[in-house]
Engineer: 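Take a look at this one; I'll ask things after.
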2 protein chains.
Amino acid sequence: MALSTIKSDLSLSQLLCIQIEREIVEGKLLPGDKLDEEVLAARLKASRTPVREALRALASVGLVHIQPRIGATVNKPTVSEVIELFEVVAEMEAAAARLVCVRASDPEIAKIVAQHKSCEDQARSGTADSYFDANTQFHNMIWSAAGNHVLEDQIVLLNRRLSPYRRFVTFKPGRQEEAVAEHAQIADAIQNRNSVVAVVAMREHVTILGSDVIQLARNLRL
Amino acid sequence: MALSTIKSDLSLSQLLCIQIEREIVEGKLLPGDKLDEEVLAARLKASRTPVREALRALASVGLVHIQPRIGATVNKPTVSEVIELFEVVAEMEAAAARLVCVRASDPEIAKIVAQHKSCEDQARSGTADSYFDANTQFHNMIWSAAGNHVLEDQIVLLNRRLSPYRRFVTFKPGRQEEAVAEHAQIADAIQNRNSVVAVVAMREHVTILGSDVIQLARNLRL
DNA sequence: TTTATACATGATGTATACAAAATTTAGTTT
DNA sequence: AAACTAAATTTTGTATACATCATGTATAAA
């Protein structure tokens, strides 16, 4: 109920933006696919105007690639671009972890540590989805506890951009256990407010995730 | 000639985007100012459509604030938001400096060190503008030598967002000399490929710049 | 057969027209 | 005089029409 109320408040172009983004993230629209304004408008039952706005909004996120006078396609980053994206996320999340060590409140840190325990629980006895959610929460809490909305927004934006590729990691067996072990290092460092260790551990954690994504994508010949 | 040729290749919405951004950066349009689509269209001799596109493009950069169904205004960040912006730039430029230490080529590093010398020269015997350009070059070279286009783009974007406020620093006497001294530490660390020192020095350097901007803006009652 | 040119087609960029919502203003009531 | 209501106005959101440029095709020339 509340959700549909929220949705009806959104403009058509915003709804289209959400819809197209979903199709890209879910792999229904693949990297390189042409995004013809008229075709999309016809399929999504709207006119070209809001479709155009949606495409340009997604281009600003980096999910869509627009060539002037030629048109829009689903962004198709090269492997090295994806590597660079993960590298930037790694640096920014590391920065967030540092700021948490420097100035988060004790209760905020306690919540992060508690969320790590929750990740452990879900990895041991939960579903893949429930672990995924717990993991997302763990990271979100760190971004948020860093006390810098600009940093948080940037990290969220970069993750939106990476989400079409993240899902591949689901397929890697044993990754959950590794991730939990890495989280433990991060949570420990944060609890001790050891920013140097937290930075290195977080950077390493995200870098490993990136490497796995690249490797899995390669194996799937993408 | 080449410049006008390039300009004529740009679409009207792109030209409007550049023009409106310039007016914001130059302070002709002030934070909080209403950006009425029809008024802008009439003044810039275009229709609402490309004006709308330009405003939304600038919103994605963070220079314009759009409230659905209400309209666009020049973004008016709070003081704490500007502080956060500088904090993120500091972290990202620090990350760039680190990556330069880790993997830039010797010639690239030599060019950065040389550019620092050029900054020293301009600070001693150049104009405010020529120093500003040399300083910009110094930072650009570091972003670029980090070998990560995504990181570079992010830093450029954040700096676009900050440029309306950066110009205040021009008014601070003695800042050039301080900045050059800080650059010296950064250049030294990079030359020695000492990433830990480079990170701290760069972060400190940008943080000081941010503090100065905030303080000057306060003194000018902005 | 290959290449070049001209035309036809189709898509993007821009302008205008219409719909819907927010704001303002005038009028009324307390 | 203050506050609330309702109509009028203004502005944003969307649809449609037109202009401009890119692409594909067919024809002709080398």
Side-chain angles (χ1 to χ4, degrees), chain A residues 2 4-21 23-24 29-76, chain B residues 2-24 29-76:
Chain A
S4 67
T5 309
I6 290 169
K7 280 187 79 172
S8 66
D9 280 356
L10 295 177
S11 70
L12 182 52
S13 62
Q14 287 174 306
L15 291 172
L16 293 173
C17 185
I18 293 169
Q19 175 64 21
I20 297 169
E21 176 166 357
E23 295 188 11
I24 293 173
L29 288 169
L30 295 172
D33 279 2
K34 185 87 210 295
L35 297 169
D36 187 290
E37 294 176 2
E38 288 189 24
V39 172
L40 277 172
R43 181 159 70 82
L44 302 172
K45 302 195 192 314
S47 75
R48 274 181 57 212
T49 309
V51 169
R52 249 180 101 83
E53 281 194 4
L55 290 177
R56 297 183 120 74
L58 292 172
S60 77
V61 182
L63 287 171
V64 163
H65 179 62
I66 292 180
Q67 289 172 289
R69 283 257 161 232
I70 291 180
T73 55
V74 178
N75 191 31
K76 187 176 185 172
Chain B
L3 210 148
S4 67
T5 309
I6 289 169
K7 280 188 77 170
S8 66
D9 279 355
L10 296 177
S11 69
L12 182 52
S13 62
Q14 286 174 305
L15 292 173
L16 294 173
C17 184
I18 292 169
Q19 176 63 22
I20 297 170
E21 175 166 358
R22 175 156 42 205
E23 295 187 12
I24 293 173
L29 288 169
L30 296 172
D33 280 2
K34 186 86 212 292
L35 297 170
D36 186 289
E37 293 176 1
E38 287 189 22
V39 172
L40 278 172
R43 180 158 73 81
L44 302 173
K45 302 190 190 319
S47 75
R48 275 181 57 210
T49 310
V51 170
R52 249 180 101 83
E53 281 194 4
L55 290 177
R56 296 182 118 76
L58 292 172
S60 77
V61 181
L63 287 171
V64 163
H65 179 63
I66 292 180
Q67 290 172 288
R69 284 256 163 235
I70 289 181
T73 55
V74 178
N75 191 32
K76 188 177 185 172

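Note: hydrogens, waters and symmetry copies are ignored here, and every other heavy atom, side chains too, is used. Model, not experiment: these values are computed from the prediction. Numbered from 1 within each chain, the chains take letters A, B, ... in sequence-line order.
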Engineer: List the atom pairs, donor and acceptor, that lie under 3.5 Å between side-chain atoms in residues 34-41 of chain A and the rest of the protein, sequence neighbours left out.
Structural biologist:
residue, atom, partner, partner atom, Å
D36(A), OD1, E38(A), N, 2.9
D36(A), OD1, V39(A), N, 3.1
E37(A), OE1, R48(A), NE, 3.0
E37(A), OE1, R48(A), NH2, 3.0
E37(A), OE2, R52(A), NH1, 3.1

Engineer: With I24(B), which residues qualify under side chain to side chain contact (heavy atoms under 4.5 Å, CB included), at least two apart?
Structural biologist: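 Result, side chain to side chain contact (heavy atoms under 4.5 Å, CB included) vs I24(B): I20(B), L29(B), L63(B), V64(B), V74(B), P164(B).
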Engineer: Let me know the distance between CD of Q14(B) and P of dC21(D), rounded to the nearest Å.
Structural biologist: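 It is 14 Å, rounded to the nearest whole Å.
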Engineer: Under the side chain to side chain contact (heavy atoms under 4.5 Å, CB included) test, which residues partner I70(B), sequence neighbours left out?
Structural biologist: Q67(B)
Engineer: According to the salt bridge (charged side-chain N to carboxylate O under 4.0 Å, His left out) rule, which pairs have a member within residues 54-72 of chain A, sequence neighbours left out?
Structural biologist: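 Non-adjacent pairs meeting salt bridge (charged side-chain N to carboxylate O under 4.0 Å, His left out): R56(A)-E53(B).
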Engineer: Could I get the full list of salt bridge (charged side-chain N to carboxylate O under 4.0 Å, His left out) partners for R43(B), not counting sequence neighbours?
Structural biologist: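 Partners of R43(B) by the salt bridge (charged side-chain N to carboxylate O under 4.0 Å, His left out) criterion, ordered by chain and then number, come out as E23(B).
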Engineer: Please convert DNA chain D into dot-bracket. A pair counts if it is Watson-Crick or G-U wobble with both distances under 3.5 Å; crossing pairs go in [ ] and bases paired with another strand get |.
Structural biologist: ||||||||||||||||||||||||||||||
Engineer: N75(A) and P31(A): which non-hydrogen atoms are nearest, and at how many Å?
Structural biologist: O-CB, 3.6 Å
Engineer: Distance check needed: dG13(D) P versus D9(A) CG, whole Å only.
Structural biologist: 13 Å
Engineer: For residues C17(B) and A54(B), report the shortest heavy-atom separation together with the two atoms involved.
Structural biologist: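 Reported closest heavy-atom pair: N-CB, 3.6 Å.
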Engineer: Nearest 0.5 Å, what's the CG-CG distance between D9(A) and L15(A)?
Structural biologist: 10.0 Å
Engineer: Please tabulate, one pair per line, each protein N/O and nucleotide N/O from nucleotides 6-11 of chain C that are separated by under 3.5 Å, including the distance.
Structural biologist:
residue, atom, partner, partner atom, Å
dA11(C), O5', D36(A), OD2, 3.2

Engineer: Only counting residues at least two apart or in another chain, list the ones meeting side chain to side chain contact (heavy atoms under 4.5 Å, CB included) with T49(A).
Structural biologist: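 Checked T49(A) against side chain to side chain contact (heavy atoms under 4.5 Å, CB included); matches are S47(A).
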Engineer: Mind checking the CG-OG spacing from L58(B) to S60(A)? Nearest 0.5 Å is all I need.
Structural biologist: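 L58(B) CG to S60(A) OG: 11.5 Å, rounded to 0.5 Å.
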Engineer: Does a side-chain N or O of S11(B) approach OP1 or OP2 of dT12(C) to a distance below 4.0 Å, or not?
Structural biologist: no
Engineer: Heavy atoms within less than 4.0 Å of DNA chain C: which residues of residues 40-57 of chain B have one? Give them sorted by number.
Structural biologist: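 Within residues 40-57 of chain B, the residues near DNA chain C are A46(B), S47(B), R48(B), T49(B), P50(B).
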Engineer: In whole Å, what is the span from the CD atom of Q67(A) to the P atom of dC21(D)?
Structural biologist: 18 Å
